[in-house]
Amino acid sequence: MQRQPEYFSQLDGLRAIAIILVILFHWFPEGQGINVLANGPLGVTLFFVLSGFLITRILLLSRASVHETGIAQTYKHFLLRRVLRIFPLYYFLLFIIWQAKSIPFIPDINTDFYTYPAHYILYISNFLLEKTTNWSDLLSTLWSLAVEEQFYIFWPLVILSVPLRYMEKVIAGTILLGIMSRLVLSFFGHNLGVLMPTCLDAFGLGALWAFVMIYHKSPEIFLRNLKIFAAGGLAFFLFFCFTQIDSVLLTLFFRTSMAVFCLFFVAHASYRKGFKSVFGQILDNSALRYIGKISYGLYIYHMVVPSILLPLILKIVHRIFKVEIILTDAVGKTLSLALVITVASLSWFFFESPINGLKKYINLRTVRMRLNRH
């Protein structure tokens, strides 16, 4: 087992890039200008690869204590830590949206949450989205959080129970399953790519790097080979973006091409001291790392702020000061960005971080407890 660093600072920079890509995709016209690239899918895929790496790393390091605590106890503690990190903000958002419909001067909210609340409450909104294809739903972005939670339920059981000698093959099989599930599900008309099995290649590639980093004697060999695959992944990604073909190749390999490309950055950012180039300095920039730190809040709030909060503030200003403010698109987006960063910052310091601090009472034993704040 390789000696593991305690914290990967450049991964916060990658989280920032991922959330920036997602916001660009949702705030600007799809397929035009800056969104001629599939920024949203790329950002979400980067989040999936990051999760696959960090979660698998935590679980692999936890295996050393399973013989003392048992799989059931380790599994329970893992899930409880995930619950503390993910659930409070998620359900706070649902509470706000539910209450907002009864406030008359809040703009009408387009969401299926009011009709199918159980799908959102139970973290299965991705199944609903696959059925309705309603991307105009204000909460449609929660599909990726549903996918992650579903992944967190079964993946610890795999990593904690599979004998180590088979682990690499199981992870490789998981990657292949992600690709093949998209093909099989497309035959039944489920080709939106929001069901958890269709995302397994992205999670699996991150998991593969976690295994290589911890157990391979020479991770450098993996990284050298990864450069070639990443170049191929980038080429396929650009080809799919600019040709806009609709074929079985798109179904099979679009997400995989992004995931391999993203893995290159995740792997190099988390190996030793990360990127040593100018790109490494960018990832280590304090402002970018701060955006990465609050990226979960930014993801949760980035659709709500411009659709509800900003119009609400403008209406309040109009009622109090009798001044009607009409914003240009550029000014509206600038104010929305400032607002969403402010709201996410307040959320982090006064809501998420205190709750996240409760993790210290749930002892998930690893080799020196290296959890990288995940």
Side-chain angles (χ1 to χ4, degrees), residues 13-50 93 97 107-112 125-126 129 132-145 147 192-194 202 234 236-246 250 254-255 257-259 261-262 265 282-283 285 287-288 290-292 294-314 325-345 347:
L14 287 180
R15 286 192 187 95
I17 291 173
I19 190 58
I20 290 169
L21 290 172
V22 169
I23 291 175
L24 287 174
F25 185 75
H26 288 142
W27 285 14
F28 292 89
E30 185 177 352
Q32 302 176 29
I34 198 168
N35 274 333
V36 70
L37 298 178
N39 290 312
L42 181 61
V44 169
T45 301
L46 179 52
F47 276 128
F48 286 165
V49 175
L50 278 165
L93 173 67
I97 298 299
D108 289 338
I109 301 171
N110 176 18
T111 177
D112 291 325
S125 63
N126 57 327
L129 184 59
T132 65
T133 66
N134 182 18
W135 287 108
S136 64
D137 183 344
L138 184 67
L139 299 181
S140 63
T141 56
L142 298 185
W143 76 268
S144 65
L145 300 183
V147 165
L192 209 59
V194 297
L234 176 59
F236 270 105
F237 172 67
L238 294 175
F239 172 77
F240 289 135
C241 287
F242 287 108
T243 60
Q244 297 183 343
I245 63 169
D246 187 10
L250 183 69
F254 183 53
R255 177 166 283 147
S257 69
M258 292 186 290
F261 177 56
C262 290
F265 293 99
I282 293 173
L283 292 180
N285 177 269
L288 198 67
Y290 176 75
I291 295 298
I294 64 171
S295 59
Y296 179 46
L298 291 172
Y299 192 88
I300 286 289
Y301 298 121
H302 81 276
M303 295 298 286
V304 174
V305 165
S307 300
I308 299 176
L309 183 58
L310 181 58
L312 177 60
I313 291 174
L314 294 179
I325 302 175
I326 300 176
L327 304 176
T328 64
D329 185 62
V331 172
K333 285 183 170 57
T334 302
L335 286 177
S336 293
L337 181 61
L339 271 175
V340 76
I341 292 175
T342 300
V343 171
S345 297
S347 174

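These figures come from a predicted structure and were not determined experimentally. All values below come from the heavy atoms of this structure, side chains included, with hydrogens, waters and symmetry mates left out. All residue numbers refer to positions in the sequence shown, counting from 1.
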Less than 4.5 Å apart, any side-chain heavy atom of [X] and any of [Y]?
X: Ile300; Y: Leu145; answer: yes
X: Ser295; Y: Ile291; answer: no
X: Val44; Y: Val147; answer: no
X: Leu314; Y: Ile326; answer: no
X: Tyr290; Y: Ser345; answer: yes
X: Leu139; Y: Leu93; answer: yes
X: Trp135; Y: Leu129; answer: yes
X: Asn110; Y: Asn134; answer: yes

Minimum heavy-atom separation for [X] to [Y], with atom names?
X: Pro311; Y: Ser307; answer: CG-O, 3.5 Å
X: Cys241; Y: Val36; answer: CB-O, 3.9 Å
X: Arg15; Y: Leu50; answer: CG-CD1, 3.9 Å
X: Val343; Y: Leu309; answer: CG2-CD2, 3.7 Å
X: Thr45; Y: Ala202; answer: CG2-CB, 4.2 Å
X: Phe236; Y: Ser257; answer: CB-CB, 3.7 Å

Looking at [atom1] of [X] and [atom2] of [Y], how far apart are the two atoms once the value is rounded to the nearest 0.5 Å?
X: Leu339; Y: Leu310; atom1: CG; atom2: CG; result: 6.0 Å
X: Leu46; Y: Ile19; atom1: CG; atom2: CD1; result: 10.5 Å
X: Leu14; Y: Ile17; atom1: CG; atom2: CD1; result: 5.5 Å
X: Ile23; Y: Leu298; atom1: CD1; atom2: CG; result: 5.5 Å
X: Arg255; Y: Leu250; atom1: CZ; atom2: CG; result: 11.0 Å
X: Leu337; Y: Thr342; atom1: CG; atom2: OG1; result: 9.0 Å

Taking side-chain hydrogen bond (donor to acceptor under 3.5 Å, both in side chains) as the definition, give me every residue that meets it alongside Thr133, ordered by chain and number, with sequence neighbours left out.
none

Checking Thr111 now: which residues fulfil side-chain hydrogen bond (donor to acceptor under 3.5 Å, both in side chains) with it, not counting sequence neighbours?
Asp137

For the residue pair [X] and [Y], does the interplanar ring angle fall in the parallel (under 30°), tilted (30 to 60°) or perpendicular (over 60°) class?
X: Phe237; Y: Phe254; answer: parallel
X: Trp143; Y: Phe48; answer: perpendicular
X: Phe261; Y: Phe265; answer: perpendicular

Tell me, please, which residues at least two apart from Tyr301 pass ring pair (Phe, Tyr, Trp, His ring centres under 6.0 Å).
none

Under the ring pair (Phe, Tyr, Trp, His ring centres under 6.0 Å) test, residues paired with Phe47 that sit two or more places apart:
none

Results of salt bridge (charged side-chain N to carboxylate O under 4.0 Å, His left out) for Asp329 - residues two or more places apart only:
Lys333

Exactly one of Ile308, Leu142, Thr141 clears side chain to side chain contact (heavy atoms under 4.5 Å, CB included) with Met303, and that residue is Thr141

All pairs passing side chain to side chain donor-acceptor pair (under 3.5 Å) where residues 27-41 contributes a residue, at least two apart:
Asn35-Asn39

Is it the case that over 12 heavy atoms from other parts of the model lie below 6.0 angstrom from the CD1 atom of Ile34?
no

